[in-house]
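Residue numbers start at 1 and run along the sequence shown.
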Amino acid sequence: MSDAEANNWLALEPHLLALLTDAVQGMSPAVHVLTSADLADVKESSQKTPAVHLIYGGYRIAEDLRISWRLVHKWFVVVVVRNVAGVRSGKAARQDAGPMVARVVGALVGAGVPGATQPLTLVSPPPATYRAGHQYIPSAFEVETIFRKPQNP
(Lines give C-alpha, C1' and ligand atoms only; values in the text may rest on other atoms or scores of the structure.)
Protein backbone atom coordinates (compact mmCIF):
# COMPACT_ATOMS: atom_id res chain seq x y z
CA MET A 1 0.00 0.00 0.00
CA SER A 2 1.40 3.41 -0.95
CA ASP A 3 1.75 6.22 1.59
CA ALA A 4 -1.02 8.12 -0.23
CA GLU A 5 -3.37 5.13 0.16
CA ALA A 6 -2.34 4.53 3.78
CA ASN A 7 -2.81 8.22 4.62
CA ASN A 8 -6.38 8.34 3.31
CA TRP A 9 -8.43 8.82 6.49
CA LEU A 10 -11.55 7.22 4.96
CA ALA A 11 -9.90 4.39 3.01
CA LEU A 12 -11.48 1.86 5.38
CA GLU A 13 -15.03 3.02 4.64
CA PRO A 14 -15.67 0.89 1.51
CA HIS A 15 -14.36 -2.21 3.29
CA LEU A 16 -16.59 -1.59 6.30
CA LEU A 17 -19.56 -0.95 4.00
CA ALA A 18 -18.94 -4.29 2.26
CA LEU A 19 -18.88 -6.14 5.60
CA LEU A 20 -22.11 -4.46 6.69
CA THR A 21 -23.83 -5.10 3.37
CA ASP A 22 -22.92 -8.78 3.58
CA ALA A 23 -24.15 -8.94 7.18
CA VAL A 24 -27.66 -7.70 6.40
CA GLN A 25 -28.05 -9.32 2.99
CA GLY A 26 -31.19 -11.41 2.75
CA MET A 27 -32.94 -9.79 5.72
CA SER A 28 -36.59 -8.99 5.22
CA PRO A 29 -37.52 -6.26 4.80
CA ALA A 30 -34.35 -5.28 2.91
CA VAL A 31 -31.91 -3.24 4.99
CA HIS A 32 -30.34 -0.06 3.58
CA VAL A 33 -26.63 0.46 4.32
CA LEU A 34 -25.93 4.20 4.30
CA THR A 35 -23.05 6.61 4.93
CA SER A 36 -23.06 10.14 6.30
CA ALA A 37 -23.12 11.44 2.73
CA ASP A 38 -26.25 9.40 2.00
CA LEU A 39 -27.93 10.92 5.05
CA ALA A 40 -27.11 14.57 4.37
CA ASP A 41 -30.26 16.69 4.24
CA VAL A 42 -32.57 13.71 4.88
CA LYS A 43 -35.36 14.44 7.34
CA GLU A 44 -36.04 11.81 9.97
CA SER A 45 -39.60 11.29 8.75
CA SER A 46 -38.42 10.43 5.22
CA GLN A 47 -35.31 8.39 5.96
CA LYS A 48 -35.04 4.84 4.65
CA THR A 49 -35.63 2.13 7.25
CA PRO A 50 -34.63 -0.42 8.28
CA ALA A 51 -31.10 0.81 7.85
CA VAL A 52 -27.53 0.64 9.05
CA HIS A 53 -25.70 3.97 9.14
CA LEU A 54 -21.88 3.97 8.96
CA ILE A 55 -20.46 7.19 10.38
CA TYR A 56 -16.82 8.21 10.81
CA GLY A 57 -16.26 9.41 14.36
CA GLY A 58 -12.76 10.87 14.24
CA TYR A 59 -9.42 9.66 15.53
CA ARG A 60 -6.91 9.90 18.34
CA ILE A 61 -3.14 9.63 18.24
CA ALA A 62 -1.99 6.39 19.86
CA GLU A 63 1.74 6.95 19.31
CA ASP A 64 3.88 9.71 17.80
CA LEU A 65 6.91 8.22 16.03
CA ARG A 66 8.06 11.59 14.57
CA ILE A 67 7.79 10.56 10.91
CA SER A 68 4.73 8.39 11.34
CA TRP A 69 1.83 8.16 13.74
CA ARG A 70 -0.30 5.29 14.96
CA LEU A 71 -3.87 6.54 14.74
CA VAL A 72 -6.94 4.96 16.29
CA HIS A 73 -10.04 5.77 14.25
CA LYS A 74 -13.55 5.46 15.64
CA TRP A 75 -16.46 4.32 13.46
CA PHE A 76 -20.08 4.33 14.54
CA VAL A 77 -22.58 1.84 13.15
CA VAL A 78 -26.16 2.79 13.92
CA VAL A 79 -29.02 0.37 13.41
CA VAL A 80 -32.21 2.27 12.61
CA VAL A 81 -35.68 0.77 12.53
CA ARG A 82 -39.13 2.31 12.47
CA ASN A 83 -42.07 0.61 14.08
CA VAL A 84 -45.04 2.61 15.30
CA ALA A 85 -46.74 -0.31 17.04
CA GLY A 86 -46.61 0.64 20.69
CA VAL A 87 -45.12 4.00 19.75
CA ARG A 88 -45.19 5.28 23.33
CA SER A 89 -43.04 2.48 24.71
CA GLY A 90 -40.89 1.79 21.65
CA LYS A 91 -40.87 -1.92 22.53
CA ALA A 92 -41.74 -3.10 19.00
CA ALA A 93 -38.98 -0.97 17.47
CA ARG A 94 -36.41 -2.28 19.97
CA GLN A 95 -37.44 -5.86 19.26
CA ASP A 96 -37.07 -5.25 15.51
CA ALA A 97 -33.61 -3.72 15.99
CA GLY A 98 -32.11 -6.42 18.22
CA PRO A 99 -31.38 -9.11 15.60
CA MET A 100 -29.93 -6.53 13.21
CA VAL A 101 -27.59 -5.18 15.91
CA ALA A 102 -26.34 -8.72 16.52
CA ARG A 103 -25.62 -9.19 12.82
CA VAL A 104 -23.70 -5.97 12.31
CA VAL A 105 -21.68 -6.25 15.52
CA GLY A 106 -20.87 -9.86 14.68
CA ALA A 107 -19.72 -8.87 11.19
CA LEU A 108 -17.36 -6.12 12.36
CA VAL A 109 -15.95 -7.19 15.72
CA GLY A 110 -12.52 -8.73 15.13
CA ALA A 111 -12.69 -8.17 11.36
CA GLY A 112 -9.47 -7.32 9.58
CA VAL A 113 -9.72 -4.73 6.81
CA PRO A 114 -7.11 -3.64 4.28
CA GLY A 115 -5.20 -0.60 5.53
CA ALA A 116 -5.73 -1.40 9.22
CA THR A 117 -2.87 -2.67 11.37
CA GLN A 118 -5.16 -4.60 13.73
CA PRO A 119 -8.69 -6.05 13.66
CA LEU A 120 -11.64 -3.86 14.59
CA THR A 121 -12.31 -3.59 18.30
CA LEU A 122 -15.75 -3.11 19.81
CA VAL A 123 -15.81 -0.10 22.19
CA SER A 124 -18.49 1.61 24.24
CA PRO A 125 -21.01 3.44 22.04
CA PRO A 126 -23.16 6.48 22.75
CA PRO A 127 -26.60 5.72 24.19
CA ALA A 128 -29.47 4.40 22.09
CA THR A 129 -32.34 6.77 21.34
CA TYR A 130 -35.98 6.41 20.42
CA ARG A 131 -38.10 9.10 18.77
CA ALA A 132 -41.53 8.90 17.18
CA GLY A 133 -41.28 5.24 16.23
CA HIS A 134 -37.61 5.40 15.17
CA GLN A 135 -35.20 3.34 17.23
CA TYR A 136 -31.47 4.17 16.90
CA ILE A 137 -29.02 1.70 18.41
CA PRO A 138 -25.37 2.66 17.92
CA SER A 139 -22.34 0.45 18.15
CA ALA A 140 -18.79 1.78 18.09
CA PHE A 141 -15.58 0.30 16.77
CA GLU A 142 -11.97 1.37 16.82
CA VAL A 143 -9.33 0.46 14.30
CA GLU A 144 -5.68 1.42 14.02
CA THR A 145 -3.86 2.75 10.97
CA ILE A 146 -0.42 4.23 10.36
CA PHE A 147 -0.11 7.76 9.02
CA ARG A 148 3.25 8.56 7.43
CA LYS A 149 4.52 12.07 6.92
CA PRO A 150 4.21 12.81 3.19
CA GLN A 151 7.51 13.23 1.38
CA ASN A 152 8.06 16.40 -0.65
CA PRO A 153 7.88 15.69 -4.40
Going by heavy atoms in the side chains, are [X] and [Y] under 4.5 Å from each other?
X	Y	result
Arg60	Glu142	yes
Arg70	Thr117	no
Val113	Leu19	yes
Ile137	Val78	no

Just verifying a value: how many Å separate [X] [atom1] and [Y] [atom2], rounded to the nearest 0.5 Å?
X	Y	atom1	atom2	answer
Ile55	Leu16	CD1	CG	12.5 Å
Tyr56	Trp75	OH	CH2	7.0 Å
Leu108	Arg103	CG	CZ	13.5 Å
Phe76	His53	CZ	NE2	14.5 Å
Lys48	Asp38	NZ	CG	7.5 Å
Phe141	Leu54	CZ	CG	10.0 Å

Side-chain donor/acceptor of Gln135 to backbone N/O of Thr129, under 3.5 Å: yes
Taking Ser46 for the side chain and Lys43 for the main chain, is one N or O donor matched with an acceptor at less than 3.5 Å? yes
Quick one: closest heavy-atom pair of [X] and [Y], and the distance?
X	Y	value
Val105	Ser139	CG2-OG, 3.3 Å
Pro127	Pro138	O-CG, 3.7 Å
Ser124	Ala140	O-CB, 3.9 Å

Do the ring centers of Trp69 and Phe147 come within less than 6.0 Å of each other? yes
Applying side chain to side chain contact (heavy atoms under 4.5 Å, CB included), run through Glu13 and Thr35 and close with a yes or a no. CA-CA 9 Å; Glu13 185 179 61; Thr35 65; 3.7 Å; yes
Is the ring pair Trp9/His73 parallel, tilted or perpendicular, if the boundaries are 30 and 60 degrees?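 Perpendicular, since the angle between the ring planes exceeds 60°.
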